[in-house]
Amino acid sequence: MNVSGPTSPAPREVAATRQNAVARFCHRFALLFAWALTIVLFGVLEPDSFLQLQNFTSIFNSQAVLVVLTCSLVVTLTSSEYDLSAASVLSLSAMLIAILNTQQAVPIGWAIVVALLAGLVVGAINGILVVVIGVESIIATLGMGSLVSGITLWISHSNLVSGISNTLVELVIVPRFFGISLGFVYAVVIVAALWFFLTYTPLGRQLLFVGRGRRIARLSGLPVGKLRFGALMAGSFLAAVAGVLYAGTSASADPNSGDSFMLPAFAAAFLGSTAIVPGRFNAWGSFAAVYFLVTGIYGLSLMGIQVFIQNLFYGGALIIAVALSIMVRRSETREPDIAKEGN
Amino acid sequence: MNVSGPTSPAPREVAATRQNAVARFCHRFALLFAWALTIVLFGVLEPDSFLQLQNFTSIFNSQAVLVVLTCSLVVTLTSSEYDLSAASVLSLSAMLIAILNTQQAVPIGWAIVVALLAGLVVGAINGILVVVIGVESIIATLGMGSLVSGITLWISHSNLVSGISNTLVELVIVPRFFGISLGFVYAVVIVAALWFFLTYTPLGRQLLFVGRGRRIARLSGLPVGKLRFGALMAGSFLAAVAGVLYAGTSASADPNSGDSFMLPAFAAAFLGSTAIVPGRFNAWGSFAAVYFLVTGIYGLSLMGIQVFIQNLFYGGALIIAVALSIMVRRSETREPDIAKEGN
Amino acid sequence: RADDTGLTSVARADLEAMLAAHTGETRFTPPGPAIDPASLKDKLIFTIPTSTAIPFCDVVDKQMDEFAHKLGIRHEVWQTTAQLGQWVQGFNTAFAHKADLINVACGLDPATVAPQIKEAISKGIPVVAAHTHANGQTQLEDLTGIVYGAYIDAAKLEAAYVILKTDGKADVLVITAPSTANSPYIEKAIMGMFKQYCPTCKVRSAGVNAADWASKIGPTVQSAILADRSLDYVIPIYDGMVQPVIPAIITTGSSARVKVATFNNTPAVLDMLRTGDIVTFESGEDTTWLAGAILDQDMRVLLKQPLVKNYVVGIRAFTKADVAAAGVPAKFGVGYGDAARKGYEALWGLK
Amino acid sequence: MPPAIPILEARHFSKRFGGTTALDDVSLTIDSGTVHGLVGHNGSGKSTLIKILGGYHAPEPEAELIIDGKPVRLPLAPGLFRGLGMAFVHQDPGLIGSLSVVENLRIGAIAQERLRPIRWGEEARRCEALLTEFGMDVDPRATVETLRPWQRPMLAIVRAVDEIRQLQGETGIRRGLLVLDEPTANLADSNVHQLFDVVRRVRDAGFGVLFVSHDLDEILSVTDHVTVLRDGRVVGSGPTAGFVRNDLVRLIVGYDIPPATPRTVETRRTDHLVEVRDLSGSGARDVNLSIAPGEILGASGLIGSGFAEIGPMLIGALPVRSGQLRLGATTMELSVMTPAAAIAAGISYVPGERLREGCIGELTVADNVTLPVLHRFFRGWLRTRAIDDHARSELQRFGVRPPDPTLPLEALSGGNQQKVLLAKWLQLSPKLLVLQEPTQGVDVGAREQIFAIIRDFASRGGGVLCLSGDHEQLALLCDRVLIFRRGRIAADLAGPDVTKDRIAHECLGSDLSSAA
Ligand SMILES: Nc1ncnc2c1ncn2[C@@H]1O[C@H](COP(=O)(O)OP(=O)(O)OP(=O)(O)O)[C@@H](O)[C@H]1O
Ligand SMILES: Nc1ncnc2c1ncn2[C@@H]1O[C@H](COP(=O)(O)OP(=O)(O)OP(=O)(O)O)[C@@H](O)[C@H]1O
Ligand SMILES: [Mg+2]
Ligand SMILES: [Mg+2]
């Protein structure tokens with residue numbers, strides 16, 4: 001059957017909407033260029049100390065926890081849910097491992113299993129609140145975050161717990177190949193798996209549809225509730241994995257250990273959504289964002305620059321990257337209407 | 001001109017949409033009942049220490065900062081923007097007062113003016129990012145929050161600064177009438193003004209229209225951009241006012257003082273949206289929420305209960321209140337369609 | 001003569017002597033035998049503090065820089081903002097820079113970076129915990145050396161001051177920070193003092209984690225004041241906790257009754273002591289002494305000489321009477337005199 | 001008599017959205033005391049023109065606007081249209097669902113004030129009176145989303161008319177313009193008559209009316225003057241009396257459309273492909289229907305009569321109290337149906353509100369088309385090239401212009417979006433295709449193509465259920481039409497009875513009989 005012909009509506013100038021491939025490429029990889037630029041900049045400023053292989057392995061090794069926590073946020077953000085309890089789950093997971101392993105003499109393997117299960121339980125409760133009852137995710141997870149923190153404080157009597165089995169430490173932080181630790185390998189594997197999941201599996205695409213248009217997804221036959229529930233559980237699970245890496249990195253757990261990761265993780269997820277697949281939360285974009293931010297901060301620390309500059313760098317990088325990305329996309333595609341501009 | 005006629009559509013079952021007045025009343029005042037219940041509960045558990053006038057005046061006096069910060073969030077949330085920089089603005093405002101007043105010998109009045117202006121400037125930058133450039137508010141204000149924190153650290157060299165003029169302290173925290181301090185009076189005045197503004201002024205309603213349907217607001221001839229810009233500026237301004245109260249409360253400023261208010265303020269704003277005018281962010285609801293939460297925490301610490309219970313109370317209260325409110329509203333209105341449930 | 005509350009004159013004398021020993025400029029006593037740092041030229045000492053945003057850490061680091069410069073030793077401070085990843089990077093950078101010694105400093109609990117410390121030791125890089133432990137606190141086995149924080153001395157001084165000030169009728173709230181490893185030891189030292197010198201005093205403690213200081217100390221203090229009408233002292237174990245304590249006292253209308261004694265000599269809190277009437281007592285470590293002590297212990301490690309045991313530095317207690325000596329407005333490192341600097345320079349054979 | 005000065009003169013209006021030229025040097029003059037019709041195919045620029053008048057879009061710089069003889073600066077500042085005497089009913093009626101009826105009705109008044117306190121009690125009473133006047137029994141404090149679907153467009157019309165009346169009230173007869181962008185698309189017939197009544201009164205009071213509709217009969221019956229847009233250009237304009245229906249059609253599509261011939265199909269069939277038994281819930285009661293293979297069954301009725309809810313109910317998108325569906329050999333309980341189960345069973349439902357229910361505008365055409373069949377392209381991983389190829393071939397098959405699967409779907413015009421939706425659902429090779437208003441807001445040319453697609457599907461043995469309030473479309477497309485009244489099937493028209501007039505008559509039947 002072919003129904004096209006002279007009767008079809010007038011064709012519009014396609015060239016204009018088809019985006020300029022070069023501009024698009026630049027946009028996709030702008031964050032990587034910025035990262036490269038940061039490296040060159042600090043390489044010039046600190047030629048002796050910055051441009052050493054060991055520096056880079058150290059940058060890579062030290063951020064596995066943040067990368068995995070960011071992945072957790074990418075999953076939930078893709079389904080348009082905010083998970084503010086992720087950091088608390090990280091703390092809980094690390095603390096469970098510490099307490100079970102050091103105070104209850106539970107073998108480290110089982111302790112990890114319990115920690116991951118705890119992540120799934122929190123995810124399930126989030127799911128019940130958000131999907132079944134219908135509480136907005138930002139509210140439900142704000143509340144759950146507070147509850148989970150309370151539990152972590154409770155089981156730890158608010159104490160730092162140290163002395164986690166060296167097995168875990170070996171498996172996470174100790175450098176192996178060319179100075180790269182297994183923790184970084186896990187983080188890369190998780191990022192790659194997430195990228196594959198979101199890009200190349202039906203489930204990942206379905207999650208995107210659920211995030212962009214819940215009603216449409218449902219009418220298209222997607223099990224929207226299950227997908228949202230699943231995303232919240234997967235997000236909490238990944239946060240718990242980040243907690244395991246934390247425990248392995250520090251061989252100890254602090255009841256508030258997760259808190260300081262929350263802002264960097266959200267910043268990296270947002271920043272990452274301007275790169276690689278601009279406009280979508282995506283795994284490699286977030287990965288690049290984490291290491292761009294960390295490299296910048298690392299270089300600043302290396303130069304002995306005061307801490308407040310780090311805050312300025314963080315905030316400035318996020319704002320500028322996102323603002324530029326929006327302006328580029330606007331000029332690439334058609335002119336926005338006034339309402340989109342929001343005037 | 002009369003255009004009605006016999007052709008009018010079939011009558012509807014009126015009883016179903018006209019909501020049951022009793023249930024509605026209960027819903028509106030449920031938070032106040034919960035508050036009363038908390039008071040009765042602790043009154044019974046701790047009869048000697050809890051039920052004293054001074055307890056209540058001191059509960060009231062101590063939370064003016066949180067009330068005003070919550071008002072700031074109510075304004076921005078009404079226009080559907082998240083302002084994550086509010087806490088940093090609070091810190092900046094308090095720090096400016098401290099530094100100007102103690103280190104630069106600026107009279108306290110002028111120091112306050114500068115602090116409030118700084119709030120407006122941050123609000124304007126937020127406005128430019130969000131309204132003019134089109135960055136999502138949650139991202140823009142996350143970045144601005146980090147930037148503003150950096151500036152606060154910078155100007156204070158990360159130091160706690162104390163010695164703010166006693167005039168301000170007198171004007172804020174010192175108990176006056178029946179043990180009530182002026183700080184609480186300001187907070188109540190701000191809440192009442194916000195309530196009047198949101199409920200009875202066209203401008204307040206315009207903000208709500210913009211928050212609920214930006215496109216439609218624009219089609220209806222509202223200056224959407226200006227209103228959003230204004231909301232972000234007003235929010236930052238109120239956060240700066242909270243900073244002034246903070247400076248007056250503790251006669252000193254810490255570069256990170258605002259951070260710990262962020263979660264309580266969001267929790268109170270969300271919780272407050274389940275009360276008084278359920279379903280909308282509103283001033284008195286938030287006021288009730290702040291004092292419900294604080295009374296609970298206060299009673300718990302009076303009983304010498306450990307800190308973790310406070311976290312449990314916080315999280316639990318938020319989740320339960322919002323979940324209940326949603327379930328009540330669902331049963332009040334008509335059968336929801338399945339897609340809205342999001343299953 | 002024993003007065004009505006049982007504060008014996010012996011006890012009173014003890015307490016007064018304790019306070020007197022810490023009043024005025026610090027009196028330096030050499031920690032051990034002199035050392036010869038000549039062989040340490042161009043060695044690299046790498047310091048990782050909890051957070052360089054903590055001004056106290058910053059001042060000590062600067063003072064260490066100054067000493068190191070005179071000694072011809074290289075000293076690097078890693079800029080951090082209290083994040084695990086940054087501490088780990090600090091260690092890796094120290095390895096990359098071929099540091100000869102690493103200081104885990106200024107409250108950074110060695111337990112949180114235990115794997116990194118182990119790695120450093122296995123690489124043959126000694127690690128010294130500087131100003132993180134209270135005396136008597138259990139410590140990580142891997143650590144090469146320790147310079148204690150003077151937490152215990154300070155805790156005892158606070159208790160002594162409060163007991164004396166109230167003539168043995170104290171009613172005290174101690175605010176602790178359970179998530180900090182040295183907090184329980186500080187608490188124990190305070191409680192021990194009261195038990196020893198004033199068993200009839202009423203003392204209780206409440207723990208608030210550092211993350212919650214700004215939001216939860218207020219209600220805690222308020223409810224304690226209102227629950228107990230005779231409460232007269234609040235002892236926040238670190239002076240970083242003082243800020244939210246003040247409004248809690250003012251709002252309850254009890255600023256004439258309830259006072260504060262605390263520790264760390266943060267300038268802003270010394271200013272409160274000078275200009276206000278709620279903070280009445282504060283002590284803190286001589287920062288020059290502390291900087292010298294850390295370097296001194298570091299050099300003993302590098303020179304493979306016997307380490308100083310129970311290395312604690314001197315503290316100075318301020319009351320309204322002499323707080324002006326800390327500067328107007330107060331500054332870090334002011335008011336301790338020159339003894340520590342001269343003492344160490346002599347000990348190390350400089351000049 | 002029309003006065004010398006026109007109420008509105010738009011000159012050289014152009015508007016480009018990136019590469020799309022929505023308006024190309026359009027000039028338009030509206031005299032007071034006239035109803036000015038504006039017609040054109042989908043995407044011809046009607047709504048864009050109207051949104052420029054409302055200050056929503058900024059036109060290209062050469063545009064001039066003269067109101068009442070006075071030039072006005074463009075772009076119009078937000079809300080300035082009120083000062084110029086204009087009131088609008090926009091294409092999507094411009095209501096905020098989560099807010100109350102009063103707030104929505106008074107949005108205009110609220111937009112003009114700043115700090116003067118609002119007296120809500122008074123406002124509510126005023127609105128109640130206004131709604132009663134228009135025969136609407138609606139609680140002014142109810143939120144708009146709880147209203148019945150047909151009440152919402154009516155609310156927007158009441159609001160605009162009220163705003164126009166305010167103008168009249170202030171200074172006696174005043175000159176102003178009521179702008180209606182497809183106001184009848186979602187209205188019940190009775191409300192359409194009511195609306196025309198209002199439009200004529202407004203005109204007679206000396207105002208101008210700009211009236212947009214795809215229904216040419218409406219245009220011919222209510223307007224005094226017509227302007228036709230094609231591809232953003234004015235291709236014809238003149239007094240309505242000077243046009244016959246076919247002239248308009250030719251101007252709109254740019255060529256002649258041969259008169260459509262209704263399908264002549266054999267009479268009743270007994271081999272049922274689909275059977276629905278005792279379906280009740282969501283406004284429909286005891287519905288029994290059956291569809292033979294190759295049959296196109298229509299369903300119609302007044303808005304609110306329950307016919308429109310049948311589609312969502314069959315796939316479990318609206319609550320069902322009871323009922324069974326037999327499709328081939330399988331029988332399903334409808335009260336536990338879900339869209340996923342319906343799709344698995346071979347039912348495709350193409351919803352009416354395209355961008356709200358059908359597809360996600362910011363995602364690509366390929367993403368949208370392949371969503372229900374993603375698993376077909378998953379062999380270890382999703383074959384993205386295969387996805388694009390598949391989407392492209394589907395677009396070509398359905399004559400989507402341009403057939404580029406990588407464009408965001410919102411870049412297509414309404415008719416093309418509808419074709420994409422059909423492609424999305426027909427690729428599943430369903431046994432039963434349920435369509436809701438398949439050509440709503442679709443221009444005449446695209447409409448023919450869509451008809452052809454549907455007929456082709458049926459001719460291969462599929463069953464079609466077409467839910468529509470467009471009687472002409474049903475007459476052209478369907479073998480049989482069920483008429484709903486008050487939630488029940490009231491008539492079953494077949495063969496020669498399937499005519500536009502007969503359908504219209506049967507739809508109103510119950511009202512006529514109950515009034516009698
Ligand atoms: N905000 C926008 N951004 C980009 N393109 C737009 C925008 N709004 C409209 N267009 C394009 O402008 C053209 C004209 O659209 P318009 O909505 O004015 O058509 P219309 O005549 O009202 O059609 P319909 O009969 O379907 O309502 C279309 O090609 C449409 O895709
Ligand atoms: N239709 C409505 N939609 C939204 N809010 C409303 C509505 N009607 C009333 N309210 C809310 O109800 C509260 C008070 O309304 P009320 O009817 O008492 O108004 P009023 O100012 O007392 O009017 P009057 O004195 O004329 O009766 C306000 O919070 C207002 O926001
Ligand atoms: Mg249109
Ligand atoms: Mg009234």
Side-chain angles (χ1 to χ4, degrees), chain B residues 46 48-50 52 54-55 57-63 65-66 98 102-103 153 156-163 166 169 172-175 179 181 183-184 246 248-264 294 297-304 306-308 310-311, chain C residues 51-58 81 178-179 204-229 239-240 242-255 266-276 278-279 329-332:
Chain B
E46 296 273 312
D48 304 329
S49 47
F50 190 77
Q52 293 183 7
Q54 217 187 343
N55 265 347
T57 60
S58 93
I59 291 180
F60 284 130
N61 292 348
S62 58
Q63 299 301 328
V65 178
L66 185 55
T102 67
Q103 296 172 6
L153 284 172
S156 65
H157 309 287
S158 313
N159 278 314
L160 173 77
V161 179
S162 70
N166 216 40
V169 178
V172 172
I173 193 74
V174 176
S181 70
F184 178 67
Y246 187 89
T249 302
S250 67
S252 60
D254 181 287
N256 306 310
S257 40
D259 298 359
S260 62
F261 288 104
M262 207 58 189
L263 288 192
V294 171
I297 295 215
Y298 188 85
L300 289 170
S301 49
L302 205 59
M303 294 179 64
Q306 278 174 286
V307 171
F308 74 86
Q310 299 187 6
N311 287 54
Chain C
S51 164
T52 31
I54 300 173
F56 177 81
C57 307
D58 198 41
T81 49
S179 62
R204 85 216 74 123
S205 68
V208 182
N209 284 316
D212 299 326
W213 283 355
S215 58
K216 289 188 183 146
I217 285 181
T220 305
V221 173
Q222 258 179 44
S223 55
I225 291 174
L226 294 173
D228 180 353
R229 299 289 155 166
D239 64 3
V242 168
Q243 197 196 14
V245 170
I246 307 282
I249 293 173
I250 299 178
T251 40
T252 48
S254 42
S255 50
T266 297
V269 180
L270 289 175
D271 288 341
M272 293 181 195
L273 171 56
R274 192 182 69 249
T275 58
I278 293 179
V279 180
K331 284 196 194 60
F332 274 110

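Every chain is numbered from 1, with letters handed out A, B, ... down the list of sequences.
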S.K.: What residues of residues 248-255 of chain B sit under 4.5 Å from chain C when only non-hydrogen atoms are counted?
M.R.: B/Thr249, B/Ser250, B/Ser252, B/Ala253, B/Asp254
S.K.: Check side chain to side chain contact (heavy atoms under 4.5 Å, CB included) between B/Ser260 and all other residues, then give those that pass, not counting sequence neighbours.
M.R.: C/Ala214, C/Ser215
S.K.: Identify which of B/His157, B/Glu46, B/Gln310 forms the greatest number of heavy-atom pairs closer than 4.5 Å to chain C.
M.R.: B/Gln310
S.K.: Go through the atoms of B/Val169 and report whether side chain, backbone, both or neither lie under 4.5 Å from a heavy atom of chain C.
M.R.: side chain
S.K.: Who wins among B/Asn159, B/Val172, B/Leu300 for the most heavy-atom pairs under 4.5 Å with chain C?
M.R.: B/Asn159
S.K.: Sequence neighbours excluded, which residues qualify as side chain to side chain contact (heavy atoms under 4.5 Å, CB included) partners of C/Arg204?
M.R.: C/Asp171, C/Leu173, C/Lys202, C/Ala224, C/Asp228, C/Leu231
S.K.: Applying side chain to side chain contact (heavy atoms under 4.5 Å, CB included), name anything that partners C/Asp58, two or more places apart in sequence or on another chain.
M.R.: C/Lys62
S.K.: Show the nearest heavy-atom pair for residues B/Tyr298 and B/Ser58, with the distance to one decimal.
M.R.: OH-OG, 3.8 Å
S.K.: Please give me the minimum heavy-atom distance between B/Ser62 and B/Ile59, naming the atom from each residue.
M.R.: OG-O, 3.1 Å
S.K.: When only pairs under 4.5 Å are counted, which of C/Thr252, C/Ile246, C/Thr275, C/Val269 shares the most heavy-atom pairs with chain B?
M.R.: C/Thr252
S.K.: C/Ala330, C/Ala53, C/Pro267: which one forms the most heavy-atom pairs within less than 4.5 Å of chain B?
M.R.: C/Ala53
S.K.: Give, as side chain, backbone, both or neither, the part of B/Val174 having an atom under 4.5 angstrom from any heavy atom of chain C.
M.R.: both
S.K.: Is C/Phe332 in contact with chain B via its backbone, its side chain, both, or neither, using a 4.5 Å heavy-atom distance?
M.R.: side chain
S.K.: C/Thr52 vs C/Thr81, test: side-chain contact (heavy atoms from CB on, under 4.5 Å). Steps then yes/no.
M.R.: CA-CA 6 Å; C/Thr52 31; C/Thr81 49; 5.7 Å; no
S.K.: When you compare the side chain of B/Leu160 with that of C/Met272, does any pair of heavy atoms fall below 4.5 Å?
M.R.: yes
S.K.: For the residue pair B/Asn61 / C/Thr251, report whether a side-chain donor-acceptor contact shorter than 3.5 Å exists.
M.R.: no
S.K.: Under a 4.5 Å heavy-atom cut-off, does chain B meet the side chain of C/Ala206, its backbone, both or neither?
M.R.: neither
S.K.: Heavy-atom cut-off 4.5 Å, strictly under: side chain, backbone, both or neither for B/Tyr246 against chain C?
M.R.: side chain
S.K.: Taking side chain as C-beta onward, heavy atoms only, is C/Phe56 less than 4.5 Å from C/Thr266?
M.R.: no
S.K.: Of all the heavy-atom pairs spanning C/Ser255 and C/Ile278, show the shortest one and how long it is.
M.R.: CB-CD1, 3.9 Å
S.K.: Can you confirm whether B/Asn311 sits close enough to C/Lys216 that some side-chain heavy atom of one is under 4.5 Å from a side-chain heavy atom of the other?
M.R.: yes
S.K.: Shorter than 4.5 Å, heavy atoms on both sides: which option in B/Asn256, B/Val294, B/Ile173, B/Ile297 has the most such pairs with chain C?
M.R.: B/Ile173
